[in-house]
Amino acid sequence: MQAQYMPSEVESKAQQDWESRRAFIVDESSDRPKYYCLSMFPYPSGKLHMGHVRNYTIGDVLARFHRLNGRNVLQPMGWDAFGLPAENAAIKHGTPPADWTYNNIDFMRGQLKSLGLAIDWEREIATCKPDYYRWEQWLFIQLFEKGLVYKKTAQVNWDPVDQTVLANEQVIDGCGWRSGVPVEKREIPMYFMRITDYAEELLEELDHLPGWPEQVKTMQRNWIGRSVGVEVHFPLLSEDGVLKVFTTRADTLMGVTYVAVAAEHPLAEKAARNNPVLARFIQSCRQGGVSEAFVSNLEKKGMSTGDYVRHPLTGEALPVWVANYVLMGYGEGAVMAVPAHDERDFEFAKEYGLPIKPVICSGSERIMSSCDKATTDYGVLIDSGVFTGLSSKEAIIRIASALEEVGLGLSRVQYRLRDWGISRQRYWGCPIPIIHCSLCGDVPVPERDLPVILPEAVTVTGAGNPLAYMSAFVETTCPRCGSEAHRETDTMDTFVESSWYYARYASPDSSQAMVDDRARYWLPVDQYVGGIEHAILHLLYARFFNKLMRDAGLITNNEPFVNLLTQGMVLKDGSKMSKSKGNTVDPDQLIKQYGADTARLFMMFASPPDQSLEWSDAGVEGAFRFLRRLWKTVYDFMALPETQEVGQMSVELIALRRQLHETIVKVTDDYGRRQTFNTAIASIMELMNSFLKIQEVHLTARKIQRELLENMVILLSPIVPHICYVLYGALRPNESLLDAQWCLVDEEALKKEEEEIVIQVNGRLRGRITIPVNATREWVESRAESDSQVERFLAGKKIRKVVFVPHRLVNIVLENE
RNA sequence: GCCCAGGUGGCGGAAUAGGUAGACGCACCGCACUCAAAAUGCGGCGGGGUAACCCCCCAUGCCGGUUCGAUUCCGGCUCUGGGCACCA
């Protein structure tokens, strides 16, 4: 063993050993229970960033911990390889997206390997390869045939100069990022997946995911947005038909003073035909992007259509307005406006001088005459005809049945969740396997013709989808009638690939099926690790696909991820590391200077995984110092001269050994249950500090020191696997850490005879005493009251009561003066 | 605008089930070693009061509440971050 800690030598030796022993290549024949540990696969953007290093270290720590605890651990890796950046790079550098992507993958694979992750690299997948995406196309066809995929139009951001569809992130302040001109909303046909068919199950199953953060489940619940309410039908005044709206506040129905429809609503479009001013207004609503964040920040604008509807219960004529705050995508694309009890309606009514009619009185509040704000609280109905005096809750039921009686409404459930539009007018994605035939319509590609291969040799210009100009791709024959036909040139949303990759890792080489029997062994994923930014979309789509695959008979589990750990971001100087801010840290540079173990240790020590992590060069230095000290401690121990002195089990040694076993208990809990690696490291550091205080050199001391070092190396090994692998080999020359077991707790060593507790007077700390662990409450209380530090706070006062918390404190509460 | 988090010393953070606020590390200061420096080791380190390392007071973004006791629970506010369906 060398006296000096040389990270590069240690790490290359360890990595070579692991590779030659095929240590992390797994199969399903093990008799140990399986543990599938998955970190979100990276987009091959060029090189690893610190967020990746953090993500994959967290996953690796858990994988290695569970391996030491006897599990058959699968930790795979792959590439989320389709996506927009490859096209942007192609436009900028003229490199085809495929070349750019494969080069990035090769480079990043090398970087990942240098981190020393316990990955089964034989299961690597890249979603841009036909042997992966053919199964996505296969499933698409199954869904198409089941009616779970359908076609309708949807709004997109249209750049009128570049003549192309823009992603939301490519729209800045309502303008195209390259052209700089205002974007427009445009309706185009798209394929949709019926995720709303699964809304109820996706919502309900959240209650059965105890291993998910509450925060994520709340976000998903709100996103699905189940609401129970009433669909109200307002008969049109000038013709047959009704205007449908959905409301959760039927109790306010008698306070409706107008109705508002989205600019794209058929009623608005019809009214605009004979009204050029309205047509111009509707046209102006088309300006700007489609994202909800953009739309909801717009100043509220509207215009009367000149049409009226009848109130379903009073028959009163109510004006129909077009309003830019009404979204076509939610509910019926129309709302009943109750300005007195809805903030947006209120603001709009004020702006356009529409009447405000209060119908709910909440609490002791006085009835407003000319109110200055909307009150959205539930209360008691006023000025509401036969419903006056009812509570909101009762009124909702009564009004719903009154509507049902006249055939102008019904109670129903509405979801905020919308069906998933998966068509993208982009080249670098999975081709949608549909052939358009003028006679047969949209015909799915027959299974025998899969995959529909994406041509990789292309020139990307940024204007339109290059696939559309490739006649060899587009021109084909109809599989049904044989006549001339053309292929769909849209590709799928890249969220589709990442919605099922976790299942493919189980059988990555299967050429006969999307997933095979091995998926039943590995699924569900026991631990999923990834960024909190994926809390809604990716995780919801992945849950949805799991259910689709289950219903296609491929797998049997209901949910894909048993436990979810959402990691926080890596910050430097208080903000997210990014190229544009110039505050990035290069992982390669870091590993070159200090080694992967130091990088891993710092990242795990700096904060708990689910919080953001503030980068600190000095902190990295500190992590490196600790590893150097660990190395030197083991080296010094091994180099101790022989001794014959037997020695005594001193108080210090007993305490040290107790600390070791307390640390094992704590670290095991920190890795396994709490997943707070920072506190695990801190307690190992404390153990190390105690170790270094021991001066005794006899055989008894040495035995305990060895016990400490061997255990410490195992405790740290999930976080800093290379140095621990080598140190373990030095401590136990004929053994390998790869075959080691997790540390065992000696309950005997944990036993204590005395403990310290604190004494409070009126909740304030006034003293501390050491007591026998088995002391009775009475004994402790009398000791506390007679304590010299405490007595003076009790002088002349009457004790009202004494609170006793075993192992912690005695609180003496005095009478008030 | 809507939904979800977070705010504790000079800094990263700890306090796990309402029970000793500041573990562990960084930075800084002092000392030892050294011709010197680096490295290493030892000690100190929230603010204020005080002759005092006795002790007391203040202190976990802000305001209020519940409790014997609140960083932790509740209400209101504020700032920062994540997401908002075509970035991944």
Side-chain angles (χ1 to χ4, degrees), chain A residues 40 42-43 45 80 83-85 88 154 156-157 165-171 213-216 218-223 225 290-298 300 325 329 343-344 416-426 493-495 498 531-538 540-541 566 568-569 571 574-576 602 605-608 610-623 625-626 628-629 632 666 669-670 673-674 676 678-679 681-686 689 692 756-765 768 789 800-803 805 807-809 811-814:
Chain A
M40 289 181 185
Y43 178 78
S45 55
D80 188 14
L84 207 47
N88 294 335
V156 293
N157 303 303
V165 176
L166 298 180
N168 282 333
E169 78 155 4
Q170 297 173 317
V171 179
E214 215 44 60
Q215 176 198 163
V216 174
T218 304
M219 282 193 265
Q220 292 215 349
R221 278 188 198 104
N222 292 340
W223 185 260
V290 297
S291 78
E292 191 186 314
F294 180 84
V295 173
S296 62
N297 275 320
L298 291 174
K300 285 175 189 48
Y325 71 90
E343 276 155 25
R344 287 171 310 176
R416 204 188 76 96
L417 181 68
R418 307 196 298 260
D419 276 338
W420 178 12
I422 57 150
S423 297
R424 296 292 179 270
Q425 300 67 48
R426 310 202 185 286
D493 182 357
T494 56
F495 270 126
S498 56
I532 184 66
E533 66 274 18
H534 295 294
I536 299 175
L537 294 178
H538 162 62
L540 193 66
Y541 293 147
T566 49
M569 288 182 313
L571 311 177
S575 62
K576 189 176 174 167
F602 167 71
F605 183 58
S607 66
D610 58 350
Q611 279 179 37
S612 60
L613 181 150
E614 179 66 37
W615 190 261
S616 158
D617 292 333
V620 174
E621 192 72 47
R625 267 203 298 269
F626 175 75
R628 205 158 51 186
R629 198 147 63 112
K632 185 172 181 296
K666 169 151 181 67
D669 188 46
D670 282 352
R673 179 183 63 91
R674 296 216 304 154
T676 54
N678 56 329
T679 52
I681 295 165
S683 65
I684 298 167
M685 284 174 168
E686 286 180 79
N689 292 341
L692 293 170
E756 191 185 69
I757 64 163
V758 304
I759 308 167
Q760 297 180 337
V761 178
N762 286 339
R764 305 188 70 115
L765 176 68
R768 46 187 94 221
Q789 290 296 333
R800 178 147 67 94
K801 68 169 172 176
V802 179
V803 179
V805 182
H807 313 299
R808 292 211 178 263
L809 58 78
N811 185 12
I812 303 165
V813 185
L814 304 174

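Please read all numbers here as calculations on a predicted model, not as lab measurements. Letters A, B, ... mirror the listed sequences (proteins, then strands); counts begin at 1. Computation of the quantities below employed the complete heavy-atom set of this structure, encompassing side-chain atoms and omitting hydrogens, waters and symmetry-equivalent molecules.
- The side chain of Ser291(A) contributes no N or O atom lying less than 4.0 Å from OP1 or OP2 of C84(B).
- Between the side chain of Arg426(A) and the base of C86(B) there is at least one donor-acceptor pair of N/O atoms closer than 3.5 Å.
- Glycosidic conformation, G65(B): anti, with the torsion outside 90° of 0.
- Side chain Gln760(A) to base G19(B): a donor-acceptor pair is found below 3.5 Å.
- Using cut-offs of 30° and 60° for the angle between ring planes, the Phe602(A) and Trp615(A) rings count as perpendicular.
- Whole-Å rounding puts the Met219(A) CE to C4(B) P distance at 9 Å.
- Ion pairing between a basic and an acidic side chain is recognised when a charged N comes within 4.0 Å of a carboxylate O; Arg416(A) and Glu292(A) show such pairing.
- Across A85(B), U20(B), A14(B), the shortest atom-to-atom separation from the side chain of Leu537(A) is found for A85(B).
- The separation of A70(B) from G64(B), taken at their P atoms, amounts to 15 Å, rounded to a whole angstrom.
- Pair assignment for A32(B): U40(B), on the basis of Watson-Crick or G-U wobble contacts that are both within less than 3.5 Å.
- In this structure, the CG atom of Leu298(A) is 15 Å from the P atom of C2(B), given to the nearest Å.
- Spacing between atom NZ of Lys666(A) and atom P of U16(B) amounts to 9 Å, rounded to whole angstrom units.
- Of the P atoms belonging to G6(B) and G75(B), the separation is 14 Å, rounded to the nearest Å.
- Under the Watson-Crick or G-U wobble criterion, with both distances below 3.5 Å, C62(B) is paired with G76(B).
- Across all strands, Glu533(A) comes closer than 4.0 Å to base atoms (heavy-atom distances).
- When both pairing distances are held under 3.5 Å, G69(B) makes no Watson-Crick or G-U pair with any nucleotide shown.
- For the pair Arg418(A) and C86(B), the criterion of a side-chain N or O lying under 4.0 Å from OP1 or OP2 is not met.
- Judged by atom type and distance alone, Asn168(A) does not reach the base of C86(B) through any side-chain donor-acceptor pair under 3.5 Å.
- Comparing U72(B) with A17(B), their P atoms sit 14 Å apart, to the nearest whole Å.
- Within 4.0 Å (heavy atoms only), His538(A) reaches no atom of the nucleic acid at all.
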